[in-house]
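Each ligand, and each atom within it, is numbered from 1 in the order the structure gives.
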Amino acid sequence: MSLNSIPVIAIDGPSASGKGTIAQLVAKTLGFHYLDSGALYRLVALKALQTNVNPKDENKLVEIALNLDVSFEEEEIFLENNRVTEDIRTEECGIMASQLASYPRVREALITRQRAFRQSPGLVADGRDMGSVIFPDAILKVFLTASSEVRAERRYKQLIEKGINANIRDLQKDIQKRDERDSNRSVAPLRQNTDARLLDTTSLSILQAQNSVLEWYREYCANVRV
Ligand code: C5P
């Protein structure tokens, strides 16, 4: 199978929209690989925070992104052999990730690493520019969203379940701030691309959202076979 014939499903959307959960479930159902591109930005952020790098020091951030010693094993993420699966999920890391993701050279430094996830039999790629920059030939592009209230509630539940303290109002404010920064930046802004299908999950269950994506994928497969 040549690299470009390996199907990619790209799922984008705002922070805490549930795209990670849905992308992972779709990947599992189809037996596809999964790329959590946000985790890569969060890993750069974590390393920068650990080594006191100034979020404005673009050169240092590029260096971190290029030399990131990271491995993904099942559901666990390791940075320099240390398990950081939960450490990268803090709001501090998310905010830093969103800041450094606005540097074009940091984004460029992560491109090859992201494309390496495209392996047979297929890939579900979750994140900002998956359908527009990293995998423009993705067979299905989904823009998954939900209201900021619902997203704050979901993030709150997630954090509490993981034993991380959180305040729902602060979370909503952070989500709105991040949406604004992600939408208004000039590089890879948060927006629904014209070739992406919109999936609003505000009043959908996880199962319903997952099934919508799977149905679109099956539609694609049926059309290709004709
Ligand atoms: O999706 P997640 O919240 O983990 O991503 C953290 C931040 O990384 C996002 O707010 C976004 O600014 C950035 N990001 C990005 N491009 C991606 C994935 C994430 O700019 N492909």
Side-chain angles (χ1 to χ4, degrees), residues 8-24 27 33-49 55 58 61-62 64-65 68 70 72 75 77 79 84-118 123-136 138 141-146 148 150-152 154-156 158-159 162 164 166 171-193 196 201:
V8 177
I9 298 175
I11 303 187
D12 189 6
S15 169
S17 59
K19 61 187 188 313
T21 307
I22 304 302
Q24 281 180 69
H33 298 274
Y34 168 61
L35 165 62
D36 174 3
S37 63
L40 289 173
Y41 288 91
R42 286 173 180 269
L43 282 157
V44 177
L46 181 65
K47 179 76 187 170
L49 287 166
E58 189 176 352
L61 294 167
V62 169
I64 293 178
L68 210 56
V70 48
F72 292 82
E75 321 243 295
I77 302 173
L79 176 63
V84 293
T85 317
E86 282 90 32
D87 301 2
I88 61 164
R89 299 292 161 202
T90 62
E91 286 307 291
E92 191 190 15
C93 241
I95 291 163
M96 177 82 157
S98 156
Q99 284 170 342
L100 59 85
S102 64
Y103 293 124
R105 287 173 48 230
V106 172
R107 306 195 70 82
E108 236 178 83
L110 293 174
I111 290 180
T112 310
R113 215 182 269 271
Q114 294 177 85
R115 290 196 176 138
F117 280 79
R118 186 174 200 167
L123 173 70
V124 181
D126 148 14
R128 197 55 25 89
D129 51 358
M130 293 301 101
S132 52
V133 177
I134 310 295
F135 305 109
K141 301 177 186 180
V142 178
F143 190 79
L144 201 136
T145 190
S148 65
V150 166
R151 284 188 281 142
R154 288 178 186 165
R155 175 62 44 100
Y156 178 78
Q158 245 177 15
L159 291 172
K162 286 180 185 155
I164 302 172
L171 285 174
Q172 195 180 346
K173 261 190 242 152
D174 281 347
I175 281 174
Q176 284 167 339
K177 243 193 260 162
R178 198 170 327 162
D179 279 358
E180 204 179 299
R181 186 168 45 232
D182 284 358
S183 308
N184 293 323
R185 73 186 184 203
S186 54
V187 185
L190 169 68
R191 78 170 57 115
Q192 184 190 348
N193 288 314
T201 70

To check you understand the geometry: which heavy-atom pair defines the closest contact between [X] and [Y], and what is its length?
X	Y	answer
Asp12	Arg191	OD2-O, 4.3 Å
Ser37	Gln114	CB-OE1, 3.2 Å
Ser148	Gln172	OG-NE2, 3.3 Å
Met96	Ala48	CE-CB, 3.5 Å
Leu79	Leu68	CD1-CD1, 4.0 Å

(message) Checking the side chain of Arg151 only, and the main-chain atoms of Ser15 only, is there a donor and an acceptor separated by less than 3.5 Å?
(response)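 Such a contact is found between Arg151 side chain and Ser15 backbone.
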(request) Check whether any side-chain N or O of Arg107 sits under 3.5 Å from a backbone N or O of Ser102 as a donor-acceptor pair, and report yes or no. (result)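 Side chain of Arg107 to backbone of Ser102, a donor-acceptor pair under 3.5 Å: no, none is there.
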(request) Give me the one residue out of Arg42, Arg181, Arg178 that meets side chain to side chain donor-acceptor pair (under 3.5 Å) with Ser98. (result)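 The single option meeting the side chain to side chain donor-acceptor pair (under 3.5 Å) with Ser98 is Arg181.
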(message) Which option wins on minimum heavy-atom distance to atom 11 (C) of ligand 1: Leu110, Ile175, Asp36, Asp182?
(response)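 Heavy atom nearest to atom 11 (C) of ligand 1 belongs to Asp182.
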N/O separation below 3.5 Å, [X] to ligand 1:
X	result
Asp126	no
Arg128	yes
Arg155	no

To which protein heavy atom is [atom] closest, and what is the distance rounded to 0.1 Å?
atom	result
atom 8 (O) of ligand 1	Tyr41 CB, 3.7 Å
atom 13 (C) of ligand 1	Ala101 CB, 3.7 Å
atom 1 (O) of ligand 1	Lys19 NZ, 3.3 Å
atom 2 (P) of ligand 1	Arg42 NE, 3.6 Å

Can you list the ligand 1 atoms lying under 4.0 Å from a non-hydrogen atom of [X]?
X	value
Asp129	21 (N)
Gly38	4 (O), 5 (O), 18 (C), 19 (C)
Arg178	3 (O), 10 (O)
Arg185	12 (O), 15 (C), 20 (O)
Ser37	17 (C), 18 (C), 21 (N)
Met130	21 (N)
Gly127	21 (N)

(message) Using heavy atoms and a 4.0 Å limit, tell me yes or no: is Arg181 in contact with ligand 1?
(response)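 So Arg181 does not count as touching ligand 1.
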(message) Looking at ligand 1, is there an atom of it that comes within less than 4.0 Å of some heavy atom belonging to Gln99?
(response)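 It does not; every heavy atom stays at 4.0 Å or beyond.
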(message) Can you tell me if Glu86 has over 12 outside heavy atoms packed within less than 6.0 Å of its CD?
(response)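 Enclosed: over 12 neighbouring heavy atoms sit under 6.0 Å from CD of Glu86.
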(message) For the CZ atom of Arg89 and the CG atom of Leu46, what is their distance to the nearest 0.5 Å?
(response)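 Output value for this atom pair is 11.0 Å.
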(message) Does any part of the side chain of Arg128, heavy atoms only, come nearer than 4.5 Å to the side chain of Arg185, both counted from C-beta?
(response)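 A side-chain contact exists here, since the closest heavy-atom pair is under 4.5 Å.
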